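Here the structure is laid out as structure tokens; the discussion comes afterwards.
What you are looking at is a predicted structure, and each value in this text was computed from that prediction instead of being measured. Sequence positions, counted from 1, serve as the residue numbers for this chain.
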Amino acid sequence: MTDTIAAIATPYGSGGIGVIRISGPKAFDIAAVLFSTTKHWPKGCKKLESHKVYHGYVFDRKNISVIDEVLLITMKAPSSYTAEDVVEIQAHAGTIVLRTILDEILSCGARLSEPGEFTKRAFLNQRIDLTQAEAVADIINAKSVNALKFAASQNLGTLKSSIQELRQKLIQFLSLLEVNIDFPDDVDPFEPSQKEMELVDDVLKTCREFIRQHEDACFLKDGIRIAICGAPNVGKSSLMNRLLAQDRSIVTAIPGTTRDPIEEGLNIEGIPFVIADTAGIHQTDDLVEIIGIEKAKDHIIASDIVLFMKEPDTVFSDREFEKMVPLENQAGKKVIFVINKIDLDKGNLPTLSEKYRHIPTIEISALLNKGINKLKQKIVTISIGHLDMEKSSVIPNLRHKKALEQTVASLEAVKTGLANKLEEEILAIDVKSSIDFLGTITGETASLDILDNIFSNFCIGK
Ligand code: GDP
Ligand code: ZN
């Protein structure tokens, strides 16, 4: 890896400043050619020292004219983002000015970087491990304060050190087995003892804990799904608009999911939600409506929280409720019974049947903005009720989770092997593969495919 790469590291468009990043052995030479501390040609650039900020100008070498007034930041290897020589140029942010400077840099012998290549180099140069590289993307894409907190912690190496600790334990076990395999005459024959069993159980327990933490924390990244359901005209859209008016999430695009126009991102007290206003579910013969109703059912089935809406002077019926939230889908789903239009003096409020008494009821008026805060509080408390996110600082992603599941499977095989007093050779195979699976998480044993997959999802300049 001897070439020098360059890219615009800030978002496309105009702004206060834009940063161009150069990394590789030619970074300082290129900067010295294009940059000058005076606005006059020939250049007055002194020898560039490491970890300094220089004020000056970048030149267009063909016309010998100043392209822009800039700040230049120099970082010699290995104390830089990539652990290579890095120069960052802070220019004014405009598409043309940044592009023109980048073109000059490329004409001096740098190559345009691929997506994520700066971070990939930091990984390949062992400044960071794979979990830290992934955390960089998570920080950029964080949709809530909580998601950011965990990404930042992972970026500092919390997951890396936990995985390394587990791996280290298994490596010690493996070397014990290997001594017996390689020098059977020099050591006492291997007798699986309580100690080995405990070690495997220990690692298994931590792996399973991490898998559970992944599952708990999924919603932090993707948003807890809320479906608003109820008969036509009950006020679903009005409620949705009320909620969105105050807390519409800045990030509404959710990658990887096909979005319905009636789905929106919402952020209440730092927790991300995705809320769907479902079309009224009722009996109909109209084909278009039937399709709408099927979609609404999908929303309800996929949701974590259902707001079941009724209005005054109607009755709650188990049958109607179960049609919207089928019994088989009720498990694990949180339901809030929302009575809307309490501003109307229309007689009795509907009440839940005996069977559904455990469901909380909130009275609101979407029209007059009454009870909306109470409803939001309820949504927040039932969302985080069973979670104690403060306690865990390590949140594995889906890729980590899969590797952990493979680790668990291998370790289960080791346990069975130990219990059945299998030979060291056979035990060693499964211990070895559990070590390798853990290694894919941190990157020690990750294949090129995995690496490409991770870094190609980054933006250019990162
Ligand atoms: P949806 O079909 O369930 O989405 O219901 P909409 O939100 O479109 O509302 C249907 C009608 O009920 C509209 O005329 C709303 O203005 C009205 N509405 C919604 N919420 C309230 C409320 O809290 N009080 C009163 N009086 N009317 C409401
Ligand atoms: Zn509506």
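- In this structure, the side chains of Ile140 and Lys462 come closer than 4.5 Å at one or more pairs of heavy atoms.
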*Please assess Val70 against Phe35 for the test side chain to side chain contact (heavy atoms under 4.5 Å, CB included), listing each intermediate value before the final yes or no.*
CA-CA 9 Å; Val70 302; Phe35 174 79; 3.8 Å; yes
_Pair Glu412, Arg208 - check salt bridge (charged side-chain N to carboxylate O under 4.0 Å, His left out), show working._
CA-CA 12 Å; Glu412 284 294 352; Arg208 291 207 171 101; 2.5 Å; yes
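- Nearest heavy atoms, Ser456 versus Pro115: O-CB, 4.0 Å.
- Salt-bridge annotation for Lys39 and Glu69: absent, with no side-chain N of the basic residue lying under 4.0 Å from a carboxylate O of the acidic one.
- The side-chain heavy atoms of Ile17 and Leu71, taken from C-beta on, include no pair separated by under 4.5 Å.
- Side chain of Asn453 to backbone of Asp449: no donor-acceptor contact under 3.5 angstrom is found.
- With hydrogens and angles disregarded, no donor-acceptor distance shorter than 3.5 Å links the side chain of Arg225 to the backbone of Val274.
- Contact check on Asp304 versus Lys333 returns no salt bridge, with no Lys/Arg side-chain nitrogen under 4.0 Å from an Asp/Glu carboxylate oxygen.
- Checking side-chain atoms of Asp85 against main-chain N and O of Ala77 turns up a donor-acceptor pair under 3.5 Å.
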*Given salt bridge (charged side-chain N to carboxylate O under 4.0 Å, His left out), test Glu49 with Lys52 step by step and report yes or no.*
CA-CA 6 Å; Glu49 289 170 44; Lys52 287 243 159 22; 3.3 Å; yes
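- Using a cutoff of 4.0 Å between basic side-chain nitrogens and carboxylate oxygens, Asp129 and Lys160 are not scored as salt-bridged.
- Proximity of a side-chain donor or acceptor of Lys401 to a complementary backbone N or O of His214 within less than 3.5 Å is not detected.
- For the pair Glu424/Asp182, no side-chain contact is recorded, criterion being any heavy-atom separation below 4.5 Å from C-beta on.
- Note that the CD1 atom of Ile435 and the OG1 atom of Thr407 stand 10.5 Å from one another [nearest 0.5 Å].
- In this structure, Lys432 fails the cation-pi test against Phe437, since its NZ or CZ atom is not both closer than 6.0 Å to the six-membered ring centre and inside 45 degrees of the ring normal.
- Sorted by first then second residue, the side-chain hydrogen bond (donor to acceptor under 3.5 Å, both in side chains) pairs that include residues 93-103, not counting sequence neighbours, are Arg99-Asp103.
- A cation-pi arrangement is present between Arg21 and Phe118 under the rule of less than 6.0 angstrom and at most 45 degrees off the ring axis.
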*Apply side-chain hydrogen bond (donor to acceptor under 3.5 Å, both in side chains) to the pair Thr158 and Ser153, showing each step before the final yes or no.*
CA-CA 6 Å; Thr158 42; Ser153 146; 2.9 Å; yes
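- Checking side-chain atoms of Asn397 against main-chain N and O of Arg399 turns up a donor-acceptor pair under 3.5 Å.
- Under the 3.5 Å distance criterion, the side-chain polar atoms of Arg127 are matched with a main-chain donor or acceptor of Tyr81.
- Between Asp201 and Lys415 a salt bridge is recorded (basic side-chain N to carboxylate O distance below 4.0 Å).
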*Go through the steps for Arg111 and Leu106 under the test side chain to side chain contact (heavy atoms under 4.5 Å, CB included), then give the verdict.*
CA-CA 6 Å; Arg111 161 174 75 71; Leu106 299 181; 5.6 Å; no
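- Atom NZ of Lys169 is surrounded by more than 12 heavy atoms from other residues, nucleotides or ligands within 6.0 Å.
- Atom NE2 of His92 and atom CG of Asp68 lie 5.5 Å apart (nearest 0.5 Å).
- Atoms CD1 and NZ, on Ile362 and Lys376 in that order, are 13.0 Å from each other to the nearest 0.5 Å.
- Without hydrogens or angle criteria, Asn420 side chain to Thr416 main chain gives a donor-acceptor distance under 3.5 Å.
- Remark: Leu375 CG to Leu307 CG distance equals 5.5 Å, nearest 0.5 Å.
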*For side-chain hydrogen bond (donor to acceptor under 3.5 Å, both in side chains), just list the numbers for Tyr57 and Thr37, CA-CA rounded to whole Å, side-chain angles, deciding distance to a tenth of an Å, and then say yes or no.*
CA-CA 6 Å; Tyr57 307 84; Thr37 48; over 6 Å; no
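- A donor and an acceptor atom, one from each side chain of Glu84 and Ser23, are located under 3.5 Å apart.
- Lys195 has no carboxylate O lying under 4.0 Å from a charged side-chain N of Glu198, or vice versa, which leaves the two without a salt bridge.
- Taking the centre and axis of the six-membered ring of Phe28, the NZ or CZ atom of Lys76 falls inside the cone set by 45° and 6.0 Å.
- Remark: Lys120 does not engage Glu114 in a salt bridge, criterion side-chain N to carboxylate O under 4.0 Å.
- Between Ile226 and Ser303 the shortest side-chain heavy-atom distance does not fall below 4.5 Å.
- Panel note: side chain Ser80, backbone Ala83; a donor-acceptor pair is recorded below 3.5 Å.
- The structure places CG of Leu166 at 9.0 Å from CG of Leu411, a figure rounded to the nearest 0.5 Å.
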*Walk me through it: do Leu266 and Ile268 pass the test side chain to side chain contact (heavy atoms under 4.5 Å, CB included)?*
CA-CA 7 Å; Leu266 187 69; Ile268 308 177; 4.1 Å; yes
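- The shortest distance between side-chain heavy atoms of Asp29 and Val33 does not fall below 4.5 Å.
- Proximity of a side-chain donor or acceptor of Thr440 to a complementary backbone N or O of Ala446 within less than 3.5 Å is not detected.
- Of the residues Thr82, Thr119, Asn155, the one that meets the side-chain contact (heavy atoms from CB on, under 4.5 Å) test with Ile128 is Thr119.
- Considering only heavy atoms from C-beta on, Pro78 stays 4.5 Å or farther from Asn125 through its side chain.
- To the nearest 0.5 Å, atom CD of residue Glu104 and atom CD1 of residue Ile89 are 10.5 Å apart.
- With salt bridges taken as basic N to acidic carboxylate O contacts below 4.0 Å, one links Glu117 and Arg121.
- Shown here is Ile96, whose CD1 atom has no more than 12 heavy atoms of other residues, nucleotides or ligands within 6.0 Å.
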*How far apart are the C-alpha atoms of Cys108 and Lys26, what are their side-chain angles, what is the distance that settles it, and do they pass the side chain to side chain contact (heavy atoms under 4.5 Å, CB included) test?*
CA-CA 9 Å; Cys108 289; Lys26 282 196 202 154; over 6 Å; no
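- No more than 12 heavy atoms of other residues, nucleotides or ligands lie within 6.0 Å of CD in Gln126, so this atom counts as exposed by the packing criterion.
- In summary, the side chains of Arg61 and Ser107 do present a donor paired with an acceptor at a separation below 3.5 Å, with no hydrogens or angles considered.
- Checking Leu239, Ile305, Leu243 one by one against Ile275, the side-chain contact (heavy atoms from CB on, under 4.5 Å) holds for a single residue, Leu243.
- Residues Phe308 and Met324 meet the side-chain proximity criterion, which asks for heavy atoms closer than 4.5 Å.
- The main-chain N or O of Thr131 is found under 3.5 Å from a side-chain atom of Gln154 such that the two form a donor-acceptor pair.
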